[in-house]
Amino acid sequence: MEIPFVKLHGLKNSYIFINLFQFQLEEEMLAPLAIAVADRDTGIGSDGLILIHPSETCDVGMRVFNLDGSEAMNCGNGLRCVAKYAYENDLVERDTFTIQTKAGQVEAKVHGSKAHVHEVTVDMGAPILQRELIPMLGEAGQEVVDEVFEAGEEQLHVTAVSMGNPHAVFFVDNIDEAPLYTQGPVITKDLRFPEGVNVEFIEMVSNKEMHFRVWERGSGVTQACGTGACAAVVAAIQNGKAPYGEEVTVHLSGGDLFIRWEKDGSVWMRGAAEKTVSGTFYWEHSA
Ligand SMILES: N[C@H](CCC[C@H](N)C(=O)O)C(=O)O
């Protein structure tokens, strides 16, 4: 198969994008294709695959697959890249439009021109905080804030937040000493999270600034995670470490995101999105 693609990234969290307004794929191809394109040796190299597709309810739709082929419900960096691509390629006319995800719909506003969108703001909607909706095992109806979390020999404290996809947020004193590579791969598959979980470690710099590292469900360590940054700011506010309604700067490995959670309302994410490669992926798909 000859598959047209574009590679874009949000703060170096990169995906291979396929425009299904122009190209068709069979459902059973999607997971193996995500694995194939993400492979840095035999594929293009990315953190996964994102499909941009027609939607009956929104201006455009997005599906996201991690590099292990698993499909996720939402992707913050992916949303900003989809918004950039949709506006620059005339899939939408206005600079503000809706994007359908598996988790629901969001509203995006692009900043820049048709020739080059350099930044996107997304209303990510309200976080999901009830334990059983994260989902996380335990007493239903409760929020998970600063809860003791036994992880091997360590006793951590977890705050769990869903942005349509699950996040386990841990606050550390020094981000450079966060157990990202030891605890990340273990916690992401912990049975207390029946659907797995994205794992974030946060060091607060001030009440409006934090350092952030992530082990993503299905992709491992990535340079940035947009839904994770949203979850981290929500968790900081739930723990009294940051204020409602004001932009918090999140320093991710790949760059900065600016996140605001309106009390009892939406989480807003603002950040860059860049295109790097376009071309044809030659794929020998064995059914
Ligand atoms: N690994 C995530 C999906 C990608 C999210 C991330 N790349 C972002 O920018 O939000 C999950 O399985 O829920």
Side-chain angles (χ1 to χ4, degrees), residues 7-17 30-31 34-35 37-38 45-52 62-85 99 101-106 108 119-125 127-128 133-136 160-169 180 184-185 187-190 193-202 212-235 250-259 261 267-274:
K7 182 173 181 178
L8 297 100
H9 70 89
L11 309 186
K12 301 181 183 176
N13 178 212
S14 68
Y15 291 89
I16 305 307
F17 291 75
L30 303 182
I35 295 168
V37 298
S46 71
D47 295 319
L49 167 70
I50 288 182
L51 307 176
I52 301 172
M62 175 188 85
R63 291 179 69 180
V64 55
F65 294 80
N66 294 308
L67 63 74
D68 70 352
S70 61
E71 184 169 9
M73 301 287 280
N74 204 357
C75 179
N77 289 317
L79 281 167
R80 298 197 316 279
C81 293
V82 165
K84 171 186 173 72
Y85 180 91
I99 304 174
T101 73
K102 298 277 276 195
Q105 74 174 59
V106 301
E119 185 175 78
V120 181
T121 299
V122 184
D123 172 354
M124 297 291 285
I128 299 162
L133 301 179
I134 300 288
M136 183 179 183
V161 175
S162 171
M163 293 303 298
N165 59 347
H167 296 271
V169 180
L180 181 63
I187 296 170
T188 196
K189 296 187 184 303
D190 190 291
F193 296 98
E195 295 176 8
V197 71
N198 299 284
V199 186
E200 284 88 14
F201 295 96
I202 309 301
F212 171 105
R213 295 293 183 271
V214 62
W215 182 285
E216 283 199 32
R217 176 181 63 174
S219 291
V221 172
T222 61
Q223 296 294 302
C225 179
T227 52
C230 293
V233 171
V234 168
V250 181
H251 299 302
L252 305 96
S253 302
D256 293 347
L257 282 174
F258 306 94
I259 310 290
W261 180 25
V267 180
W268 294 79
M269 170 187 64
R270 175 171 66 87
E274 291 302 328

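Side-chain atoms are counted along with the backbone in the values below, which use heavy atoms only and exclude waters and symmetry mates. Everything quoted here is computed from the prediction, not taken from an experiment. In each ligand, atom 1 is the first atom listed, and ligand 1 is the first ligand listed.
Arg217 places a side-chain N or O within donor-acceptor distance of the main-chain N or O of Glu195, the cut-off being under 3.5 Å. In terms of modelled atom types and a separation under 3.5 Å, the side chain of Ser219 and the main chain of Asp47 share a donor-acceptor contact.
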Side chain to side chain contact (heavy atoms under 4.5 Å, CB included) between Asn66 and Glu216, intermediate numbers included
CA-CA 9 Å; Asn66 294 308; Glu216 283 199 32; 4.3 Å; yes
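Between Ile16 atom CD1 and Ser46 atom OG the span is 4.0 Å, to the nearest 0.5 Å.
A side-chain donor-acceptor contact under 3.5 Å links Asn165 and Thr227.
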Exercise answer, ligand 1 polar atom pairs (N/O) under 3.5 angstrom:
| from | atom 1 | to | atom 2 | distance (Å) |
| --- | --- | --- | --- | --- |
| ligand 1 | 1 (N) | Asn66 | OD1 | 2.9 |
| ligand 1 | 1 (N) | Asn198 | OD1 | 3.1 |
| ligand 1 | 1 (N) | Glu216 | OE1 | 2.8 |
| ligand 1 | 1 (N) | Arg217 | O | 2.9 |
| ligand 1 | 7 (N) | Asn13 | OD1 | 2.8 |
| ligand 1 | 7 (N) | Tyr15 | OH | 2.7 |
| ligand 1 | 7 (N) | Glu216 | OE1 | 3.2 |
| ligand 1 | 7 (N) | Glu216 | OE2 | 2.9 |
| ligand 1 | 9 (O) | Asn13 | OD1 | 3.3 |
| ligand 1 | 9 (O) | Gly76 | N | 3.4 |
| ligand 1 | 9 (O) | Asn77 | N | 3.0 |
| ligand 1 | 9 (O) | Asn77 | ND2 | 3.2 |
| ligand 1 | 9 (O) | Gly226 | N | 2.8 |
| ligand 1 | 10 (O) | Gly76 | N | 2.8 |
| ligand 1 | 10 (O) | Gly226 | N | 3.4 |
| ligand 1 | 10 (O) | Thr227 | N | 2.8 |
| ligand 1 | 10 (O) | Thr227 | OG1 | 2.6 |
| ligand 1 | 12 (O) | Asn66 | ND2 | 3.0 |
| ligand 1 | 12 (O) | Arg217 | O | 3.4 |
| ligand 1 | 12 (O) | Arg217 | NE | 2.9 |
| ligand 1 | 12 (O) | Arg217 | NH2 | 3.3 |
| ligand 1 | 13 (O) | Asn165 | ND2 | 3.0 |
| ligand 1 | 13 (O) | Asn198 | ND2 | 3.0 |
| ligand 1 | 13 (O) | Arg217 | NH2 | 2.9 |

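Of all non-hydrogen atoms in Leu252 and Ala229, the two that sit nearest each other are CD2-CB, 4.4 Å.
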